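So the structure is just underneath, and the comments pick up after that.
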Amino acid sequence: MKRTLLSLLAFCLLLSACQQRGTNIVIEGDFTHGGNALVRLSLVGPDETVVLDSMKMKDGHFSFTLKADDDESRARAATPMLYRLDLGHNNAITTIAQGGQHLRFTADAANLVRTYRVSGGEEALLCCQLDSALSVLAQQAEEWYPLYQKNIENDSLRAGIEASYMDLVNAHTSYLLDFIQQHPQNMASYMAFYQQYNRRVFLDREKYDDLLRTLTQTLKQQYPDSPYILMMERRMERMDLQKQLQL
C-alpha cells in the first residue's frame, strides 16, 4: 500500500513537471560577432515594455527560459505575446512567442533585425518575414539618401529619387495588405498593420479602419484574453465615442 502511494505521488509530480515544461517558453540563439555582450529579453506589453531577464552571451550564444510557474506567467504563456531581444543602441528584434515554444535565432550581432532568422514558432517566422521585407525597403532608401542629399538642388534628379521611393512604399504597402489577408488569424498581422519606417506609416489608421476592425474580431475569436486585443477594443471604443460627440 505504501509503495503504491509513493508510486502515485511520483507519477503526479512527473505529470506536473511535464505540464509545466509544456507551457514554458525557451528563447535561445547564436549571434555571430556577439562575443560576450549583454543581451536583454523584454516583454513588450500593450502599455509598457518590461525587462524580464538579461545575460552575457558566451561566444555569441544565449538561452532564456520563461517558466510558467505562477498564475501571471501561465496566463501570459496561454496567448501569443511580444518579446524583444536587445543588444542596445537600437539593435533589437521583436518577436512573438507563447507557451510550449522553443525559438532558435541566428543573426549577425552588428545588425540583428536585418540579418536574423528564426525557427520554432509560426508567429515568430512571420515576424521575421515582415522584418526582412522592410529591410529591403530600408536598405534601398539608405542607398539613395546620400545621392539625394548631394543633389538636393537638382530638381529632376530629386524628383526621380522621390518617385522611385514612393514606388517602394506603395509596393511594401501592397505586401502588408496581402500579408494580413493571408494571415488573418495570426497576431503577426497586428505588427504588419502598424509597421513603420522613419515615421512613414504604410497603413493609415483611418483609411484602413475596416480592415483593422475585421482583423481584431477575427483574432478575438482565437485569443479572447489577449491583452493586445483588449487594448485595441478599448481604443476603438474611444474613437467611436469621439466620433459620436463630434456629430
Side-chain angles (χ1 to χ4, degrees), residues 23-29 31 37-55 62-68 70-105 107 109 111-118 120-135 138 176 179-180 183 185-199 201-203 205 212 215-216 219-220 222-236:
T23 54
N24 290 345
I25 298 172
V26 177
I27 298 178
E28 70 169 332
F31 292 162
L38 182 73
V39 57
R40 288 179 293 269
L41 177 66
S42 301
L43 172 67
V44 184
D47 300 313
E48 61 179 347
T49 298
V50 179
V51 176
L52 300 176
D53 200 356
S54 64
M55 66 174 295
F62 66 91
S63 181
F64 295 105
T65 298
L66 301 178
K67 295 183 178 181
D70 56 40
D71 290 342
E72 181 180 354
S73 59
R74 280 191 288 270
R76 188 168 62 210
T79 187
M81 299 290 290
L82 274 65
Y83 296 91
R84 178 180 297 162
L85 287 169
D86 180 11
L87 291 181
H89 305 291
N90 296 318
N91 190 12
I93 298 168
T94 300
T95 190
I96 298 178
Q98 66 182 111
Q101 291 185 339
H102 187 155
L103 303 186
R104 298 175 178 86
F105 290 86
N111 193 325
L112 296 181
V113 73
R114 292 194 183 182
T115 62
Y116 85 93
R117 294 294 181 267
V118 63
E122 182 181 5
E123 298 275 10
L125 180 59
L126 291 175
C127 290
C128 183
Q129 292 176 9
L130 287 171
D131 286 331
S132 296
L134 185 61
S135 292
L176 293 177
F179 182 97
I180 293 172
H183 309 287
Q185 295 181 331
N186 293 90
M187 292 294 293
S189 288
Y190 261 152
M191 298 181 70
F193 191 93
Y194 285 105
Q195 195 176 63
Q196 299 183 30
Y197 172 69
N198 280 355
R199 299 183 182 179
V201 176
F202 297 104
L203 299 181
R205 174 65 181 80
L212 183 58
L215 177 62
T216 300
L219 287 171
K220 186 177 181 181
Q222 189 166 355
Y223 304 111
D225 298 321
S226 168
Y228 307 105
I229 296 173
L230 296 175
M231 176 203 67
M232 190 60 61
E233 288 184 323
R234 292 193 299 270
R235 185 178 296 175
M236 289 179 176

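The model shown is predicted, which means the values in this text are computed figures rather than measured ones. As a basis for the values below, the full set of heavy atoms in this structure was taken, side chains included, without hydrogen atoms, waters or symmetry mates.
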Is a donor on one side and an acceptor on the other found under 3.5 Å between the side chain of Gln195 and the backbone of Leu130?
yes
Is the shortest heavy-atom distance from the side chain of Glu28 to the side chain of Leu103 under 4.5 Å?
no
Gap between atom CG of Leu66 and atom CG of Leu41 - 0.5 Å precision:
5.5 Å
Taking side chain as C-beta onward, heavy atoms only, is Ser226 less than 4.5 Å from Met231?
no
Ignoring hydrogens, what is the shortest heavy-atom contact between Ala68 and Thr23? Give both atom names and the distance.
CB-OG1, 3.3 Å
If you apply the rule side-chain contact (heavy atoms from CB on, under 4.5 Å), what do you find for Leu212 with Arg205, and how did you get there?
CA-CA 8 Å; Leu212 183 58; Arg205 174 65 181 80; 3.3 Å; yes
Where Val113 and Ser135 come nearest, the two heavy atoms and their spacing
O-OG, 3.9 Å
Glu233 side-chain N/O to Leu230 backbone N/O, donor-acceptor pair under 3.5 Å:
no
Compare all side-chain heavy atoms of Phe193 with those of Leu176 and state whether any distance is below 4.5 angstrom.
no
Using atom types as modelled and distance alone, determine if a side-chain donor or acceptor of Ser73 lies under 3.5 Å from a backbone N or O of Asp70.
yes
For Met191 and Ile96, which heavy atoms make the closest approach, and how far apart are they?
SD-CD1, 3.8 Å
Tell me the closest heavy-atom pair linking Ile27 and Ile25, and the distance in Å.
CG1-CG2, 3.9 Å
Determine yes or no for a side-chain-to-main-chain donor-acceptor pair under 3.5 angstrom, with Gln185 supplying the side chain and Leu219 the backbone.
no
Arg114 CZ to Ser132 OG distance, which is reported to the nearest 0.5 Å
11.0 Å
Drop me the distance from Met232's CE to Arg235's CZ, to the nearest 0.5 angstrom.
5.0 Å
Is Leu203 close to Ile180 at the side-chain level, that is, under 4.5 Å between some pair of heavy atoms?
yes
Looking at Glu72, I'd like to know if its CD atom is crowded, meaning that more than 12 non-hydrogen atoms belonging to other residues, nucleotides or ligands lie closer than 6.0 Å.
no
Are Phe64 and Val26 side-chain neighbours, meaning at least one heavy-atom pair lies under 4.5 Å?
no
Assess the side chains of Glu122 and His183: does a donor N or O sit below 3.5 Å from an acceptor N or O?
no
Expected output: side-chain Asn186 to main-chain Ala188 donor-acceptor under 3.5 Å
no
Considering all heavy atoms, the nearest Leu82-Tyr228 contact
N-OH, 2.9 Å
Check whether any side-chain heavy atom of Thr216 sits under 4.5 Å from a side-chain heavy atom of Tyr190, and report yes or no.
yes
Rounding to 0.5 Å, atoms CG (Leu85) and OG (Ser54) come to a distance of 12.0 Å
Passes side-chain contact (heavy atoms from CB on, under 4.5 Å), Ser42 versus Tyr83? Steps please.
CA-CA 6 Å; Ser42 301; Tyr83 296 91; over 6 Å; no
With rounding to the nearest 0.5 Å, note down the distance linking CG in Leu87 to CG in Leu38.
8.5 Å
Keeping Asn91 on the side-chain end and Ala109 on the backbone end, is there a donor-acceptor pair under 3.5 Å?
yes
Return the minimal non-hydrogen interatomic distance between Thr94 and Tyr116, and the atom names on each side.
O-OH, 4.3 Å
Just verifying a value: how many Å separate Gln98 CD and Tyr223 OH, rounded to the nearest 0.5 Å?
5.0 Å
